**Student:** 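So that we are looking at the same thing, I have put the structure below in structure tokens.
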Amino acid sequence: MIQKNLFEDIMRTKPIFKNREFLRHTYIPDRLLHRDEQVKQLARILAAPLRGETPSNVLIYGKPGTGKTATVRYVGKELEEASKNSQMKVNVLYLNCEIVNTHYRVLASLAETLLDQMKESEVVKNLPRIPRTGWPLDEVYRAFVKTLDAENRQVVIVLDEIDKLVRKEGDDVLYSLTRVNLELKKARTCIIGISNNLSFINMLDARVRSSLSGEEVVFPPYNANQLRDILEERARMSFCDGVLAEGVIPLCAAYAAREHGDARRALDLLRVAGEIAEEEGAETVTVEHVRKAHETIEQDHIVEVIKTLPLQSKLVLLAISILAQRKPRPVTTGEVYEYYKMICHKSGTDVLTSRRVQDLIAELDLLGIICARLVNRGRYGRTKEIKLNIHPLQVQALVQEDAILSLVGPEIFAFLSP
DNA sequence: AATCCACAGGAAGCCCGGGAAC
DNA sequence: GTTCCCGGGCTTCCTGTGGATT
């Protein structure tokens, strides 16, 4: 009985998606809507290499999901194409500094990408390969410079999330990258830095700052109308004809516009809504599916955050969840601390001071897992009223997954349950 | 008006692990 | 290998807060 219906059911319903890949934010579209201004500006700056000149460095700002990376990649691709027909060779090196963020690995990774791009060339054989680890920094730097300078060319270095490279004084990587032209005989480089953090520039060394911010391109958030255009374009490519009900795209756009115009968010929303509809066996995607998708995404986010919380924060959260389950009114800092101490004793964990726990509660609030409101209760002091933003039982299930707490064993949870 | 509760939250400093420099 | 430095987690100590109570 199972076998017979299994595929029948699936085949009977009409498909929702043509190709959902176009809804992923890793996909770079052939044309970028509502970013003409930025594309033009960037192209104007980056046209210099084609004339054999070195372009100035560029800093690109904008909130997440405003199309910064997509635009730069798009312009970069076009630039490489155009360079094939000109006498000047151009290489575009893309690096995400969130993933690669140490001095050593930035240089090594850039050199590696470049070697990769010139693997047909003869000179490649004489160039050093930088090992993953082991060399002193100056040697890595020399190898990097040698690789850059192997040919006559312009190298555009794109540093995505460049702010991740800056920690107070330690911007040596950026310093050496901005100075590297002085050591090159044949090649020229320029840097495109992408950041969603406007204030990071203030943390830079003055010399690096002036060098980096030769040109600036700002990416404003998309408004709801623009998001709608983007979604409509992608929806045409990804969904089967006529499966999207009236109002689906505007609602996705509205949700995302509320989240400071994040196009990624909008695309995710649309994709998840489609997936939910598919799972339900529905033939069309409705606004109700979008609402569910919105909740799912929000929920997934919180679940992920809780899972990765440090142990002590989990214990505090556990205390809050149990108290919240036991009584209807909001719990206070003092109550949480008392209960937290008890949990620590039962589980054999170190007990932190109440001051520290105050900070942990503030962090949980900031993460959106709880909602803490400062209240004055006159004679009965001043405290925070804490409410949980998700179901207590879900919190307890998630916390129970913690490796350290699972070593303690389930008896602690048995003891804690009401 | 004075008091007082139950914390909030700032400042300073300790401790420890990890990476860089020597 | 050793020393130095740095940042993050944490503690200690402290001052501030605003309305119910006296």
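Per chain, numbering begins at 1; letters A, B, ... match sequence-line order. Not measured: the values here are computed from a predicted model.
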**Student:** Establish, for the pair A:Arg271 and A:Phe17, whether the NZ or CZ atom is under 6.0 angstrom from the six-membered ring centre and no further than 45 degrees off its axis.
**Tutor:** no

**Student:** Let's see if you can work this out: which of B:dA8, C:dT11, B:dC7 has an atom nearest to the side-chain heavy atoms of A:Gln358?
**Tutor:** B:dA8

**Student:** Figure out the CZ/C1' separation between A:Arg105 and B:dG19, and round it to whole Å.
**Tutor:** 15 Å

**Student:** Could you tell me whether the phosphate oxygens of B:dC5, OP1 or OP2, come under 4.0 Å of any side-chain nitrogen or oxygen in A:Thr383?
**Tutor:** no

**Student:** What is the distance, rounded to the nearest whole Å, between atom CZ of A:Arg373 and atom C1' of B:dA8?
**Tutor:** 15 Å

**Student:** At under 4.0 Å, does any side-chain N or O of A:Arg382 touch on OP1 or OP2 of B:dC7?
**Tutor:** no

**Student:** Drop me the distance from A:Glu233's CD to A:Ile249's CD1, to the nearest 0.5 angstrom.
**Tutor:** 11.0 Å

**Student:** Rounded to whole Å, please give me the gap between CG in A:Asp365 and P in B:dA8.
**Tutor:** 11 Å

**Student:** What is the distance from CG of A:Asn376 to P of C:dT21, rounded to the nearest Å?
**Tutor:** 14 Å

**Student:** If I take atom OH in residue A:Tyr340 and atom P in nucleotide C:dC10, what distance separates them, rounded to the nearest angstrom?
**Tutor:** 8 Å

**Student:** Can you measure A:Tyr337 atom OH to B:dC7 atom P for me and round it to whole angstrom units?
**Tutor:** 12 Å

**Student:** Do A:Asp149 side-chain atoms and A:Lys185 backbone N/O form a donor-acceptor pair below 3.5 Å?
**Tutor:** yes

**Student:** Tell me: CG of A:Asp359 to C1' of C:dG9, nearest whole Å?
**Tutor:** 10 Å

**Student:** Output the rounded distance in Å from CD1 (A:Ile361) to P (B:dA8).
**Tutor:** 7 Å

**Student:** A:Gln358 and A:Tyr337: side-chain donor and acceptor closer than 3.5 Å?
**Tutor:** no

**Student:** Do the ring planes of A:His294 and A:Tyr255 sit parallel (below 30°), tilted (30 to 60°) or perpendicular (above 60°)?
**Tutor:** parallel

**Student:** Look at all strands and tell whether A:Val351 reaches a base, only sugar-phosphate, or nothing, counting heavy atoms closer than 4.0 Å.
**Tutor:** sugar-phosphate

**Student:** Closest-nucleotide mapping onto DNA chain B: is A:Lys384 or A:Gly378 further toward the 5' terminus? I mean the 5' end.
**Tutor:** A:Gly378

**Student:** Is A:Tyr380 close enough to C:dT21 that one of its side-chain N or O atoms is under 4.0 Å from OP1 or OP2 there?
**Tutor:** yes

**Student:** Can you say whether a donor on the side chain of A:Arg355 sits under 3.5 Å from an acceptor on the base of B:dG9, or the other way round?
**Tutor:** yes

**Student:** Which nucleotide wins on minimum distance to the side chain of A:Arg379, given the candidates B:dG9, C:dG16, C:dT21?
**Tutor:** C:dT21

